[in-house]
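One structure below.
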Amino acid sequence: MTDRGTPLVEMRDFSISFGGIKAVDHVTVDLHAGEVVGLLGHNGAGKSTLIKCLSGAYQADAGEVYINGQKVEINNPRDARAQNIETIYQTLALADNLDAASNLFLGRELVNSMGFVDESKMEAETRKIMHRLNPNFQKFNVPVSALSGGQRQSVAIARAVYFNAKILIMDEPTAALGPQETQMVAELIEELKKQGLGIFLIEHDIHNVMKLCDRASVMMNGKLVGTVNVDEVTDEDILGMIILGKPAAQAA
Amino acid sequence: MADIPPTTSDIPSNDADQSPVGRFLRATEIDTRLLGMIGALMLIWFGFHFYGVLVNGQGFFLTPRNLWNLSVQTSSIGIMATGMVLVIITRNIDLSVGALVGVTAMVMGILQVEILPQYLGLGHGSIWIVTVIVGMTLGATIGAFHGWLIAYRGIPAFIVTLGGLLIWRGSAFLAAGGKTISPVDETFSLLGGGPYGAIGSTGSWIVGLLACAGVLWMLYAGRNNRRRHDFRLRPMWAETFLGVLGCGVIIGSVLLVNAYPWPKGIIRQYAARNNIEVPAEGLFISHGFAIPVLILIVVGILMTILMTRTRFGRYVFAIGGNPEAAALAGINTRWMVLKIFALMGMLAGLAGVVASARLNSATNALGLLDELYVIAAAVIGGTSLAGGVGTIYGAILGALVMQSLQSGMVLIGFDTAIQQIVVGMVLVFAVYLDNLYRSKSK
Ligand SMILES: Nc1ncnc2c1ncn2[C@@H]1O[C@H](COP(=O)(O)OP(=O)(O)OP(=O)(O)O)[C@@H](O)[C@H]1O
Ligand SMILES: [Mg+2]
């Protein structure tokens, strides 16, 4: 692989197990600014668990995070946010009883000069960003439990995008989206990439991977199978890695 | 066949909720649940009153005297219910609040009757202040300890507070060796109401007019805020209606509490103390709002601001809606739970102040079974045991409903056994109605 300088993020030698199951087993991945790295693997391969260690949701048993070459401690979601890491979780992580604006600003509410939550300003900001991401979205004053799966996903995406992330983690961001909305997310990813963000994208659709990702890291049973440059391999190669769990050269 | 003229039933079905009532509710943005609770309250009030009229030839419920007493009796349960809302929203429960009332009241009783007078002198002006601060701090500390066991040691709230119920009830007994501590400090006793513990006619008018100004200001500021962000405005008639309704209720209650005069004995005592000549036809001195009721109202306002206008309140709702999502959003959920239980404990301490001041003594039975009434008040007021949903005003109204039932049954002479049966059935039925309401409004 060509040397491209210090990566934006490097997750070095991560391991975490849940009661005997090694969900992530000595995995190392990295990500450069302006790059999209796909994380692939069968169900239960450990993709979500790996990125949850980066987002602060889990505390790994072992592993170190380097951001721009500096070692950082990420012990909880607040630490991750402080490093400009934003995450769209596979489960979306929305509080169902709150409306879109409250979810978007959850943990980072806008307050006025008196320290009170500025609800109208948050709603106005939410309207702005939702208009950009999903112009059809109109349900601003209902709890998100009343939204469709795709609408909920738009809210989760808006939350990750709104706060000027440098590192974006997207765990199957288009799983619930229709073709038009999926296309919009694809365009959004391209746009964010141009702005210099680094994006970890967990995605099962191999066509989206080929289209959106620069590199792909494949996992199987918690272990890293290998990382490939997407434009140097075919989708068959990557599928082979996912299914057989062998690096591309041998799979091909 | 001749053409059938179009009738109202030809209106497409999606206009069905454009009935005048539906339109009215949407324009004023009045919560239908609130209407339901007020309806239930009116049903109870008029029911008991006319039961009295029919059976005894005279109704005692809808009298200034009874409604004033009702407001005082509601205070301590109401104060705690506002805290229980937060506890239940975050999917916890606090069974210890009644015992906390007991133990804080007992400690405050001993402090102000046996300890402080030794150092400050009997009747010293600061006794009540020190006592109240100690009582509320004690409540908050015990609550924080419960919260710590729950949040940081992973013991379910049900168990921690069930244990707390027994432990603190027992501690209250041991603290005074089973004795009743009385009478409490004279100024302290004003916090429990009574003729002297009320703010009189002029004071009530001042409070009432300030409250009216507050209502109008809120409507005005709310409208300005919506305009600034280009949100939909309420029609002007709806704003006017809300303003008139709000001020009407406030002024109505001022008139009500001012219509309840001091009893003759108190007037004689008061006149003798202040060298006033009582005229032959007697003096009419109004009670006005009772101090514990004002405490409840202030607590209600502060708790509403806390829940709707601060980050803390947001986090309470978020934790209740999805604890995992709240944690992933960077909220320190354990610390929040600890703080919520500390707040609940502090409010139980305040309720201990009001309850012991009203009784003018600290007894072993003080606050007994209060936890059940407090939980019932919150739940009847629309706080969902599944978490994530609840309002402060609902809990206070719920406390009023519970207390109205209770007082009404006492007035018409139901004995305790029947009272318990009725209250139990009402609680179960109210939650059933609430489920129906929720599934309909989904
Ligand atoms: N909190 C947890 N407790 C116990 N086991 C867990 C936990 N989280 C994940 N696991 C286990 O770790 C393994 C990896 O799960 P993970 O969610 O990371 O898979 P994934 O690659 O994201 O799969 P999918 O494509 O289905 O989302 C699975 O065997 C799962 O059962
Ligand atoms: Mg996953």
Side-chain angles (χ1 to χ4, degrees), chain A residues 52 55-58 75-82 85-99 101-112 114-128 140-146 152 155-156 159-160 163 169 171, chain B residues 26 29 31 88-91 218 221-234 302 304-336 382-391 438-439 441-442:
Chain A
K52 279 184 177 175
S55 74
Y58 290 153
N75 294 320
N76 57 49
R78 265 160 293 153
D79 293 346
R81 283 182 168 193
I85 300 172
E86 294 292 331
T87 311
I88 300 161
Y89 291 98
Q90 190 170 9
T91 54
L92 304 184
L94 299 173
D96 280 339
N97 54 336
L98 302 180
D99 61 14
S102 305
N103 268 293
L104 202 145
F105 287 96
L106 191 58
R108 290 180 284 206
E109 288 75 9
L110 300 177
V111 291
N112 61 21
M114 292 194 318
F116 291 129
V117 170
D118 194 339
E119 216 160 309
S120 341
K121 183 141 179 235
M122 296 197 305
E123 185 177 334
E125 289 293 304
T126 307
R127 280 175 190 269
K128 260 189 243 163
F140 289 98
N141 290 315
V142 296
V144 295
S145 59
R152 291 157 58 84
V155 174
R159 170 163 67 183
F163 291 95
I169 300 167
D171 196 346
Chain B
R26 199 149 340 105
E29 294 169 21
D31 181 11
I88 297 179
I89 285 181
T90 49
R91 308 184 182 185
M218 265 169 45
R223 193 173 175 83
N224 268 351
N225 202 10
R226 289 180 185 214
R227 189 174 290 135
R228 191 148 37 96
H229 291 284
D230 285 331
F231 296 163
R232 199 176 63 83
L233 296 178
R234 272 193 286 254
L302 291 180
T304 303
I305 293 174
L306 182 73
M307 287 303 278
T308 57
R309 293 272 168 269
T310 70
R311 288 187 165 162
F312 183 90
R314 289 283 152 140
Y315 298 167
V316 170
F317 282 114
I319 291 172
N322 185 344
E324 198 198 344
L328 291 177
I331 297 168
N332 192 340
T333 51
R334 292 176 172 188
W335 181 228
M336 282 293 299
T383 309
S384 160
L385 286 166
V389 183
T391 58
R438 272 185 227 282
S439 57
S441 65
K442 263 224 176 96

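So that the names make sense, note that chain A is the first sequence line, chain B the second, and so on, each numbered from 1. It should be emphasised that the depicted structure is a prediction, and the values quoted were computed from it without experimental measurement.
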Compare every heavy atom of [Y] with every heavy atom of [X], then report the nearest pair and how far apart it is.
{"X": "B:Phe317", "Y": "A:Asn97", "result": "O-ND2, 2.9 Å"}
{"X": "B:Ala325", "Y": "A:Ala95", "result": "CB-N, 4.2 Å"}
{"X": "B:Ala326", "Y": "A:Leu106", "result": "CA-CD2, 4.4 Å"}
{"X": "A:Arg81", "Y": "B:Ala329", "result": "NH1-O, 2.8 Å"}
{"X": "B:Arg311", "Y": "A:Val111", "result": "NE-CG1, 3.9 Å"}

Side chain, backbone, both or neither: which part of B:Ala327 has a heavy atom under 4.5 Å from chain A?
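Just the backbone, heavy atoms under 4.5 Å.
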
B:Tyr315 versus chain A, the contacting section by heavy-atom distance below 4.5 Å:
side chain

So how far is it from [X] [atom1] to [Y] [atom2], rounded to the nearest 0.5 Å?
{"X": "A:Lys121", "Y": "B:Arg228", "atom1": "NZ", "atom2": "CZ", "result": "9.5 Å"}
{"X": "B:Glu324", "Y": "A:Leu94", "atom1": "CD", "atom2": "CG", "result": "11.5 Å"}
{"X": "A:Thr91", "Y": "B:Leu328", "atom1": "OG1", "atom2": "CG", "result": "7.0 Å"}
{"X": "A:Asn76", "Y": "B:Ile331", "atom1": "CG", "atom2": "CD1", "result": "12.5 Å"}

With sequence neighbours excluded, residues passing salt bridge (Lys or Arg N to Asp or Glu O under 4.0 Å) with A:Asp96:
A:Arg152

Only counting residues at least two apart or in another chain, list the ones meeting salt bridge (Lys or Arg N to Asp or Glu O under 4.0 Å) with A:Glu123.
A:Arg127

Less than 4.5 Å to any heavy atom of chain B: does that hold for the side chain of A:Tyr89, its backbone, both, or neither?
side chain

Could you tell me which portion of A:Ala146 (side chain, backbone, both or neither) has an atom closer than 4.5 angstrom to a non-hydrogen atom of chain B?
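Neither part.
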
Return the option, out of A:Ala93, A:Gly115, A:Ala57, with the maximum number of heavy-atom pairs under 4.5 Å with chain B.
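Answer, by heavy-atom pair count under 4.5 Å with chain B: A:Ala93.
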
Most contacts with chain B, counted as non-hydrogen pairs under 4.5 angstrom, among A:Ala124, A:Ser120, A:Gly107:
A:Ser120

Between B:Val389, B:Ile305, B:Asn332, B:Ile319, which shows the greatest number of heavy-atom pairs under 4.5 Å with chain A?
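Of B:Val389, B:Ile305, B:Asn332, B:Ile319, B:Asn332 has the most heavy-atom pairs under 4.5 Å with chain A.
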
